[in-house]
Student: 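The structure follows.
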Amino acid sequence: MGHHCCSRQKVKRGLWSPEEDEKLVRYITTHGHGCWSSVPKTSSILGLQRCGKSCRLRWINYLRPDLKRGSFTEHEERVIIDVHRILGNRWAQIAKHLPGRTDNEVKNFWNSCIKKKLIAQGLDPKTHNLMPNTRPPLSITHQTYLTFPKIPARPSPLVPT
DNA sequence: AATTTCAGCAACCGCCAAGTT
DNA sequence: TAACTTGGCGGTTGCTGAAAT
């Protein structure tokens, strides 16, 4: 059923309330982040009944102060496509090339937007190659697509260790 | 105006690897 | 060294508001 980390005590699930956000931010600003398992133990005193995993995700994807909000720019979209062509669905790695963006955000953007665009251009979103039996219906052809700036192949300095 | 369908996104789940006991 | 814990990741679900009927 649930995670082993949450199975012991009652924990809340689902969307976070502004009050919960506030409690988590207060906890992180005083204790710092890094030991997520201790967050629910300590902060449950404040009434935050979330498992460590949920706290970590909420912080990383929404509460972190260095997050960039708003729509992806054309440049960011280009970076995602180029890096994805090399790395595939390694969202965390891709997100490292986009300051202020999270892996979840990149993944959602890919699934809801970029994938459709590539398919509309007759490109296989997995391989980025022209799909058989399809013609690019739009103005961008495979040839023009291939002229986009390339990123060095793996193993690449793009991926910091 | 009411209902249904769709799209986008936040959050969960299960798995894995590394660290600890 | 096996068992357990924890953090991290990618796939997927399901909620919500917008658009369509």
Side-chain angles (χ1 to χ4, degrees), chain A residues 1-128 137-138 151 153-161:
Chain A
M1 209 183 133
H3 308 123
H4 33 77
C5 74
C6 338
S7 54
R8 267 171 290 214
Q9 62 219 68
K10 287 177 192 169
V11 290
K12 194 173 174 296
R13 295 164 194 271
L15 296 179
W16 282 62
S17 69
E19 291 75 22
E20 288 177 305
D21 282 347
E22 196 191 321
K23 284 169 187 168
L24 182 55
V25 168
R26 203 184 313 153
Y27 175 87
I28 299 290
T29 50
T30 56
H31 297 82
H33 63 279
C35 190
W36 295 108
S37 60
S38 73
V39 178
K41 289 172 193 134
T42 316
S43 62
S44 60
I45 298 163
L46 305 169
L48 179 61
Q49 297 185 326
R50 294 277 183 169
C51 72
K53 226 171 175 177
S54 182
C55 292
R56 174 186 166 271
L57 210 64
R58 185 61 178 168
W59 175 258
I60 288 175
N61 287 331
Y62 190 78
L63 297 173
R64 252 169 55 196
D66 59 326
L67 280 182
K68 182 176 180 179
R69 296 172 194 270
S71 317
F72 282 84
T73 65
E74 275 186 41
H75 173 254
E76 287 176 317
E77 183 176 333
R78 191 69 249 162
V79 170
I80 293 171
I81 293 172
D82 284 341
V83 181
H84 183 278
R85 184 167 43 187
I86 298 162
L87 300 179
N89 294 0
R90 289 154 71 178
W91 308 116
Q93 289 297 321
I94 296 172
K96 284 180 183 170
H97 298 281
L98 302 165
R101 302 295 191 183
T102 69
D103 54 353
N104 209 35
E105 213 177 354
V106 171
K107 177 172 58 184
N108 282 335
F109 184 52
W110 177 272
N111 286 326
S112 65
C113 184
I114 298 182
K115 201 153 81 173
K116 288 170 194 164
K117 282 191 187 178
L118 293 182
I119 290 169
Q121 293 168 15
L123 298 171
D124 182 343
K126 277 204 175 83
T127 63
H128 295 246
L138 302 178
I151 283 180
R154 241 195 304 191
S156 109
L158 290 170
V159 186
T161 56

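Just so you know, these numbers come straight off a predicted model, no measurement behind them. Chain naming here is simple, since letters A, B, ... match the order of the sequence lines and numbering starts at 1 in each.
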Student: Checking all strands, does Leu15(A) fall into the base, sugar-phosphate, or nothing category for heavy-atom contacts under 4.0 angstrom?
Tutor: sugar-phosphate

Student: Please test Arg26(A) against Glu22(A) for salt bridge (Lys or Arg N to Asp or Glu O under 4.0 Å), starting from the C-alpha separation and ending with a verdict.
Tutor: CA-CA 6 Å; Arg26(A) 203 184 313 153; Glu22(A) 196 191 321; 3.3 Å; yes

Student: Round to a whole Å and report the spacing from CH2 of Trp59(A) to C1' of dG7(C).
Tutor: 17 Å

Student: Taking for each residue the nucleotide of DNA chain C with the nearest heavy atom, is it Leu57(A) or Trp36(A) whose nucleotide lies nearer the 5' end?
Tutor: Trp36(A)

Student: In whole Å, what is the span from the CG atom of Asn104(A) to the P atom of dT13(C)?
Tutor: 15 Å

Student: Mind listing the residues from residues 106-115 of chain A sitting with a heavy atom below 4.0 Å of DNA chain C? Number order is fine.
Tutor: Lys107(A), Asn111(A)

Student: With a sphere of 6.0 Å drawn around NZ of Lys126(A), does it hold more than 12 non-hydrogen atoms of other residues, nucleotides or ligands?
Tutor: no

Student: For Leu24(A) and dA11(B), what is the distance between atoms CG and P respectively, to the nearest whole Å?
Tutor: 11 Å

Student: Look at Arg50(A) and dC12(B) and indicate whether a side-chain polar atom (N or O) is within less than 4.0 Å of OP1 or OP2.
Tutor: yes

Student: At under 4.0 Å between heavy atoms, what does Asn61(A) touch on the DNA or RNA strands: base, sugar-phosphate, or nothing?
Tutor: nothing

Student: Return the nearest nucleotide to the side chain of Arg58(A); candidates are dG10(C), dC12(B), dA10(B).
Tutor: dA10(B)

Student: Should Arg56(A) be listed as having a side-chain N or O under 4.0 Å from OP1 or OP2 of dA11(B)?
Tutor: no

Student: What class does the angle between the rings of His128(A) and His84(A) fall in, given that below 30° is parallel, 30 to 60° is tilted and above 60° is perpendicular?
Tutor: tilted

Student: Is Asn89(A) close enough to dG11(C) that one of its side-chain N or O atoms is under 4.0 Å from OP1 or OP2 there?
Tutor: yes

Student: Rounded off to whole Å, could you give me the CG-to-C1' distance for the Asp103(A) and dG7(C) pair?
Tutor: 13 Å

Student: List the atom of Ala95(A), the atom of Arg101(A), and the distance in Å for their closest heavy-atom pair.
Tutor: CB-O, 3.8 Å

Student: Do Arg69(A) and Tyr62(A) meet the cation-pi criteria used here (NZ or CZ under 6.0 Å from the six-membered ring centre, within 45° of the axis)?
Tutor: yes

Student: Just how far, in rounded Å, is P of dT6(C) from NZ of Lys53(A)?
Tutor: 12 Å

Student: Determine the minimum heavy-atom distance between Leu24(A) and Trp59(A), stating which atoms define it.
Tutor: CD2-N, 4.3 Å

Student: Who are the ring-ring contact (aromatic ring centres under 6.0 Å, His included) partners of Trp16(A), not counting sequence neighbours?
Tutor: none

Student: Considering only dT6(C), dC12(B), dC9(C), which nucleotide approaches the side chain of Ser54(A) most closely?
Tutor: dC12(B)

Student: Take the protein atom CG of Leu67(A) and the nucleotide atom P of dC9(B), then report the distance between them rounded to whole Å.
Tutor: 15 Å

